[in-house]
Amino acid sequence: MSTQPKPFLSPEQYLEIERAADYKSEYYDGEMFAMGGAREGHNLVVANALAEIHDQFRQRPCRVYPSDMRVRVNATGLYTYPDIVVVCEEPKFLNDERDTLLNPAALIEVLSPSTEAYDRGRKFDHYKTIESLREYLLIATDRVHADLYMRQPDNRWLLTSASSLEETLRLESVGAQLTLAALYEKIELPTARLAGPDSSGPR
């Protein structure tokens, strides 16, 4: 294994490399981190959520972006690609390239086994520092479940969870609602995950 230290990259160097790359990478503290591909279930949930929100925004100025829209967290220096980005104010970009958004109102991450701990932990810590951010939605792919965190006036985050296809979550900050039935349309969930709490199946 090489013991050579990784070269430090400035944000400007990262963006130059990233804009010419064939794949996406996050950037933090001088390093780039390549992002892997996603499974079918993850992609279907993203597509379902994107379609539902986009349809509700047709006659409104709010905008919804897929995962190719990069977001910079000003306070921490993280550059990342949320699965879905929503903005209702005039979008603010890093520069005239208009490929790095600074003021999301809501962010959605669809959870994968390899990213769930990061999305719920350190990544959320970064997101909390975005002044414009009001809501953060996490959607599971191994079961019917979603967690919506809403910023309160005292800067705490209130959690609302939903775990049945009949439930609806409302993104108050952008005036959109998502039914879990729509989010999980055409999703084939692992049968072991659908069993009751006494199931002897894998967890």
Side-chain angles (χ1 to χ4, degrees), residues 18 21-27 33-58 60 62-73 78-88 91 98-101 103-124 126-127 130 132-150 159-165 167-190 193-194:
E18 186 72 355
D22 295 328
Y23 55 88
K24 294 183 293 186
S25 296
E26 291 189 335
Y27 170 87
F33 304 90
M35 301 175 64
R39 298 177 180 177
E40 182 197 29
H42 181 284
N43 288 323
L44 285 174
V45 171
V46 171
N48 289 341
L50 189 68
E52 287 293 303
I53 296 173
H54 178 266
D55 191 56
Q56 296 174 56
F57 285 174
R58 287 187 180 277
R60 299 173 52 204
C62 296
R63 306 182 188 193
V64 58
Y65 301 102
S67 60
D68 281 339
M69 176 54 72
R70 186 168 47 247
V71 169
R72 187 182 80 169
V73 182
L78 174 70
Y79 288 74
T80 187
Y81 294 88
D83 286 316
I84 295 177
V85 181
V86 185
V87 60
C88 279
R98 298 179 69 86
D99 60 1
T100 306
L101 186 75
N103 64 328
L107 296 173
I108 299 174
E109 296 285 7
V110 176
L111 302 175
S112 297
S114 61
T115 64
E116 180 168 358
Y118 176 50
D119 289 339
R120 290 188 178 279
R122 290 293 300 277
K123 197 171 195 180
F124 190 19
H126 285 283
Y127 286 163
I130 302 175
S132 62
L133 186 67
R134 291 295 173 266
E135 289 166 308
Y136 182 44
L137 177 62
L138 296 166
I139 308 172
T141 54
D142 61 345
R143 67 195 187 282
V144 175
H145 187 85
D147 289 325
L148 175 62
Y149 293 87
M150 303 175 65
L159 170 62
T160 301
S161 298
S163 298
S164 74
L165 295 177
E167 291 184 86
T168 297
L169 288 171
R170 181 170 178 80
L171 303 178
E172 298 286 352
S173 67
V174 297
Q177 61 183 21
L178 295 169
T179 64
L180 268 65
L183 291 179
Y184 289 96
E185 182 180 352
K186 299 183 180 179
I187 306 299
E188 296 181 8
L189 295 170
R193 293 292 186 177
L194 297 178

Enquirer: Can you tell me which residue pairs pass the salt bridge (charged side-chain N to carboxylate O under 4.0 Å, His left out) test with a partner in residues 39-51, sequence neighbours excluded?
Expert: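 Qualifying pairs: none.
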Enquirer: Determine, step by step, whether Leu148 and Leu171 satisfy the side-chain contact (heavy atoms from CB on, under 4.5 Å) criterion, reporting the C-alpha distance in whole Å, the side-chain angles of both residues, the deciding distance to 0.1 Å, and the verdict.
Expert: CA-CA 8 Å; Leu148 175 62; Leu171 303 178; 3.5 Å; yes
Enquirer: As an exercise, state the distance from CG of Leu178 to CD1 of Ile53, rounded to the nearest 0.5 Å.
Expert: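 The CD1 atom of Ile53 is 5.0 Å from CG of Leu178, to the nearest 0.5 Å.
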Enquirer: Are there more than 12 heavy atoms of other residues, nucleotides or ligands under 6.0 Å from atom NE2 of His126?
Expert: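 Yes.
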Enquirer: Not counting sequence neighbours, which residues clear side-chain contact (heavy atoms from CB on, under 4.5 Å) with Ser132? List them please.
Expert: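 Partners of Ser132 under the side-chain contact (heavy atoms from CB on, under 4.5 Å) test: Asn103, Pro104, Ile130.
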Enquirer: Taking atom OG1 of Thr100 and atom CZ of Arg72, what is their separation to the nearest 0.5 Å?
Expert: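 Here the rounded value is 8.5 Å.
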Enquirer: Identify the heavy atoms of Cys88 and Ala105 that sit nearest to each other, and give their distance.
Expert: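 Scanning both residues completely, I find the closest heavy atoms to be N-CB, 4.4 Å.
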Enquirer: Could you tell me whether a side-chain N or O of Glu26 sits under 3.5 Å from a main-chain N or O of Met35, the two making a donor and an acceptor?
Expert: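 Answer holds: no.
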Enquirer: Please answer whether the main-chain N or O of Glu109 pairs with a side-chain N or O of Asp119 as donor and acceptor at a distance below 3.5 Å.
Expert: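 No, the answer is negative, given that no donor and acceptor are paired below the 3.5 Å cut-off.
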Enquirer: Give me the atom names and distance for the closest heavy-atom approach of Ser161 to His145.
Expert: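 Minimum heavy-atom separation between Ser161 and His145: CB-CE1, 3.9 Å.
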Enquirer: Would you name the heavy atoms of Pro91 and Arg63 that are closest together and state the gap between them?
Expert: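 Looking at all heavy atoms of both residues, the closest pair is CG-NH1, 3.7 Å.
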Enquirer: Could you tell me which non-hydrogen atom of Ala34 sits nearest to which non-hydrogen atom of Tyr23, and how far apart they are?
Expert: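 In terms of heavy atoms, the two residues are closest at CB-CE1, 4.1 Å.
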Enquirer: For the residue pair Ile84 and Val46, establish whether any side-chain heavy-atom pair is separated by less than 4.5 Å.
Expert: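 Of all side-chain heavy-atom pairs linking Val46 with Ile84, at least one is under 4.5 Å.
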Enquirer: Is it the case that the side chain of Glu185 and the backbone of Asn48 share a donor-acceptor pair, with hydrogens and angles ignored and the cut-off at 3.5 Å?
Expert: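 No, because the side chain of Glu185 does not come within donor-acceptor range (under 3.5 Å) of the backbone of Asn48.
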Enquirer: Measure from the side-chain N and O atoms of Tyr127 to the backbone N and O of Val73, and report whether any donor-acceptor pair falls under 3.5 Å.
Expert: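 Checking the backbone N and O of Val73 against the side chain of Tyr127, no donor-acceptor pair under 3.5 Å is found.
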Enquirer: Side chains of Lys24 and Ser67: is there a donor and an acceptor less than 3.5 Å apart?
Expert: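 Yes, a side-chain donor-acceptor pair sits under 3.5 Å.
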Enquirer: Which heavy atom in Phe57 sits nearest to a heavy atom in Val174, and how many Å separate them?
Expert: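 In this case the closest contact between Phe57 and Val174 is CE2-O, 3.6 Å.
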Enquirer: So, taking the atom named CG in Leu78 and the one named CZ in Arg70, what distance separates them when rounded to the nearest 0.5 Å?
Expert: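 It comes to 11.5 Å.
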Enquirer: How close do Leu180 and Leu165 get, heavy atom to heavy atom, and via which atoms?
Expert: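 It is O-CD2, 3.8 Å.
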Enquirer: Quick check for you: to the nearest 0.5 Å, what is the distance between Leu137 atom CG and Asp147 atom CG?
Expert: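 So the CG of Leu137 and the CG of Asp147 are separated by 8.5 Å.
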Enquirer: If you round to the nearest 0.5 Å, how far is CD1 of Ile139 from CG of Leu169?
Expert: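 That separation rounds to 8.5 Å.
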Enquirer: Which residues satisfy the side-chain contact (heavy atoms from CB on, under 4.5 Å) test with Ala182, sequence neighbours excluded?
Expert: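 Result, side-chain contact (heavy atoms from CB on, under 4.5 Å) vs Ala182: Glu52, Thr179.
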Enquirer: Do the non-hydrogen side-chain atoms of Arg134 and Glu172 ever get within less than 4.5 Å of each other?
Expert: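 Side-chain contact under 4.5 Å: no.
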Enquirer: Any sub-3.5 Å donor-acceptor pair from His42's side-chain atoms to Val110's backbone N or O?
Expert: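 Yes, the answer is positive, given that a donor and an acceptor are paired below the 3.5 Å cut-off.
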Enquirer: Looking at Arg60, I want to see if its CZ is surrounded by more than 12 non-hydrogen atoms of other residues, nucleotides or ligands under 6.0 Å.
Expert: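 It does: Arg60 CZ has more than 12 such atoms within range.
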Enquirer: Give the intermediate values and the outcome of side-chain contact (heavy atoms from CB on, under 4.5 Å) for residues Val85 and Leu107.
Expert: CA-CA 5 Å; Val85 181; Leu107 296 173; 3.9 Å; yes
Enquirer: Considering only heavy atoms from C-beta outward, does the side chain of Leu138 approach that of Phe124 to under 4.5 Å?
Expert: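 Leu138 does not reach Phe124 side chain to side chain.
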Enquirer: Nearest 0.5 Å please: distance from the CZ atom of Arg120 over to the OG1 atom of Thr115.
Expert: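 These two atoms lie 10.0 Å from each other.
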